[in-house]
Amino acid sequence: MVGLLFLVPLLPFLGFLVLLVGGGRLPRRAVEAIGVGSVALSFAVAVLVAIGFAGLEGESYRQTLWRWMATGGFSADIGLWLDPLSLVMMLVVTGVGALILLYSVGFLRGEAGARRYFAAMTLFVASMLVLVLADNLLFLYLGWEGVGLCSYLLIGFWYREPANGAAARKAFLVTRIGDAALLLGLVLIVASLGTLDIPVLQDRAPEAWTAGSTLPVAAAALLLAGAVGKSAQLPLQVWLPDAMAGPSPVSALIHAATMVTAGVYLIARMHGLYALAPAVQTAVAAIGALTLLLAAISALGQSDIKRVLAWSTISQIGYMVMALGAGAWGAAIFHFMTHAFFKALLFLAAGLVILRLHEEHDIRRMGGLAMKLPVSFAGFLAGAASLAALPVVTAGAYSKDLILWQVAASTEGGLLLWLAGAIGAVLTALYIFKAVFLVFFGPMQTAPEPAPASPAMLGPIVVLAVLAVFGGGLAVPAQLAGTLPAPPLAGAPGHPPLAFALVSAALPLLGLAIAWALYVGRRGPLTGLAASRAVARAAPVAAAGFGFDALYERLFVRPWHALARTLRDDPADRPAAGLAGLSLGGYRLLRETQTGRVRWYAASLAGGMAAALALGVLS
Amino acid sequence: MTGLPMIWGLGLAAILFVLGLLGVLVRRNILFMLVSLEVMLNAAGLAFVVAGARWGDADGQVMFLIILTVAAAEVAVGLALALQLFRRTGSVDADAAMRLRG
């Protein structure tokens with residue numbers, strides 16, 4: 001059954017092709033059925049493949065479909081590579097993707113452009129599957145670019161609004177910076193190692209390169225830049241909050257299953273390379289820690305519900321990147337999985353709320369919706385609890401505690417990284433429960449439209465809510481133990497001490513308590529602190545995401561526009577235009593001599609001849 | 001043929017040529033311009049004859065005969081043009097034909 005692996009990316013791609021070529025003539029039901037069905041089938045096949053893989057000897061399975069290209073000493077295949085790492089990614093991408101597509105059927109009911117939407121969504125899933133299953137970096141890069149393209153198409157789905165188009169362009173251009181770096185990294189690897197084949201690379205890199213020398217550091221840094229762009233980490237995080245311009249299920253797909261986790265996957269996939277570049281791995285951890293703190297504070301300042309979730313994604317990816325940097329590979333992938341569940345859930349529930357409130361995004365104008373929208377409330381609450389990592393009862397708690405423990409105990413990590421993660425954990429609970437309390441509790445401000453929700457929308461929310469609560473029971477790190485290196489723990493491996501576990505559990509509860517005091521109790525010393533001038537000054541900074549947008553506007557966008565304005569008149573064409581002007585002027589001058597007066601012609605003829613004669617005689 | 005120095009003959013030719021040229025430039029009547037052209041051609045022919053006489057060579061007179069033929073052809077074309085000009089403009093003023101100006 002493992003042999004069916006090629007069907008996993010192929011099915012969504014076929015769905016895309018059918019929708020692209022014949023979608024115009026298909027009825028809407030058929031378009032929806034193809035869009036959802038191709039990804040759901042792909043998930044079914046992925047499950048079959050997983051069952052087959054479990055019965056397989058060995059740690060990995062490789063399926064080479066055909067030779068893509070062979071030039072000189074370099075060759076690349078269209079080939080798939082399945083090991084526990086790509087297996088987890090594949091299952092999450094197809095499973096969560098199918099749920100989100102099913103939700104889209106209800107979400108887009110009555111909207112035009114369903115064919116465009118489902119075609120782009122299926123291509124998105126197919127690209128992501130190519131990315132995670134590719135057995136060489138060139139094929140991976142194909143999926144990488146496909147993911148970027150689809151994100152552009154979907155963020156700008158409502159293209160009649162100019163701001164949405166701008167957001168789509170911004171996402172495309174900012175990630176492009178990372179893509180360019182990734183491409184350079186691939187060229188560097190090919191030039192020095194002669195191959196892009198991932199398993200071969202893992203073997204050859206330690207033989208050809210000594211740890212810490214220039215080449216592996218440069219290659220790892222370039223790959224890191226690519227991952228930073230795609231995963232919206234510091235300093236390329238600016239595109240993700242704006243990407244909220246797309247429909248909610250698109251945001252769910254971008255944040256949970258595809259796109260932003262590509263960077264995490266790339267670093268985990270190339271872990272051998274990072275082992276050779278310890279300096280870069282430290283940088284990975286630092287970027288993750290900084291990003292998670294900055295994004296958590298920014299999330300606190302947002303009032304748009306989707307932007308809260310966007311910043312929280314950046315923050316959670318920051319956790320994963322920090323874990324990768326500290327060598328906690330398995331924990332990072334585990335958190336990726338739980339994050340996929342609860343973040344998709346949060347977006348889908350938020351999308352339902354927004355839909356019912358007639359495109360109202362502002363959490364300050366919501367309130368008291370708990371009884372009116374019970375499924376949204378339950379889903380959002382389960383997702384929020386999992387995101388905040390409330391102890392024991394949520395999936396997020398298991399993965400986040402694992403990250404915190406391994407980061408603290410790792411020789412690559414340390415107390416500083418743990419501190420960042422711990423502060424982040426408090427902030428996470430604070431900002432997400434601020435949203436929960438403002439949206440679902442308190443007095444009702446905007447009345448929801450009393451339409452019955454379609455089962456296509458409620459079903460995925462329920463399934464994801466179950467996964468967000470119980471998904472922590474999946475023993476993902478144990479499965480990954482053979483593929484990814486074990487974290488370099490300082491002490492003996494095993495469970496964290498009880499005191500540590502208690503502290504980890506207390507952090508989100510602390511955040512929850514603060515949120516309760518501020519937004520429900522509305523009394524006590526905390527309220528006074530929140531109303532103080534320091535907080536009032538800090539709020540706009542957090543709301544603006546620490547002003548990175550304004551900074552980049554000054555540093556890059558405006559100089560670029562000025563340059564474009566300067567170059568608009570094509571100064572390089574000046575010499576050519578001057579030549580043309582010269583001949584034109586000469587023509588005008590000479591035209592004056594053509595008067596049509598025969599006697600003038602004769603006179604100038606005689607004059608010229610006399611001059612020529614005089615020249616001949618006198619000289 | 002040794003009496004007259006060549007410079008006299010050539011001087012006469014030059015004077016005739018300049019007179020013809022002045023006629024072409026000054027007269028506006030196209031018939032007089034044609035007459036002046038004839039004078040210029042004949043001045044050139046005279047120069048050839050003088051030069052041929054100086055060196056005792058027949059080529060000078062041969063050239064004069066050729067010039068005579070060319071002049072006949074030129075007059076034929078010129079008179080036809082003059083006729084056309086008169087038909088089109090109703091005058092024989094050469095400046096009346098300046099509609100051609102570019």
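So that the names make sense, note that chain A is the first sequence line, chain B the second, and so on, each numbered from 1.
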| field | Interface residues of residues 23-41 of chain B facing chain A - heavy atom cut-off under 4.5 Å | value | B/V24, B/L25, B/V26, B/R27, B/R28, B/M33
| said: Has A/R115 got a side-chain atom pairing as donor or acceptor with A/V31's backbone, closer than 3.5 angstrom? | reply: no
| query | Is any residue of residues 71-83 of chain B within less than 4.5 Å of chain A by heavy atoms, and which ones? | reply | none
| query | Short question: side chain of A/R116, backbone of A/F157 - any donor-acceptor pair under 3.5 Å? | reply | yes
| Results of salt bridge (charged side-chain N to carboxylate O under 4.0 Å, His left out) for A/R67 - residues two or more places apart only | A/D77
Side chains of residues 171-181 of chain A: which donor-acceptor pairs under 3.5 Å do they make with residues two or more places apart or in other chains?
| unit_1 | atom_1 | unit_2 | atom_2 | d |
| --- | --- | --- | --- | --- |
| A/T175 | OG1 | A/A171 | O | 2.8 |
| A/T175 | OG1 | A/F172 | O | 3.0 |
| A/R176 | NH2 | A/E145 | OE1 | 2.4 |
| A/R176 | NH2 | A/E145 | OE2 | 3.4 |
| A/R176 | NH2 | A/D179 | OD2 | 3.2 |
| A/D179 | OD1 | A/W144 | NE1 | 2.7 |

| query | Looking at A/E553 and A/P559, what are the two nearest heavy atoms and their distance? | reply | O-CD, 4.1 Å
| message | For the OH atom on A/Y152, are there more than 12 heavy atoms of other groups (residues, nucleotides or ligands in this structure) within a distance under 6.0 Å? | response | no
| field | Pair A/D549 + A/K170: basic N to acidic O under 4.0 Å | value | yes
| request: Please say whether more than 12 non-hydrogen atoms of neighbouring residues, nucleotides or ligands are located less than 6.0 Å from CH2 in A/W600. | output: no
| Atom pair CG/CG of A/L123 and A/L149 - distance to nearest 0.5 Å | 6.5 Å
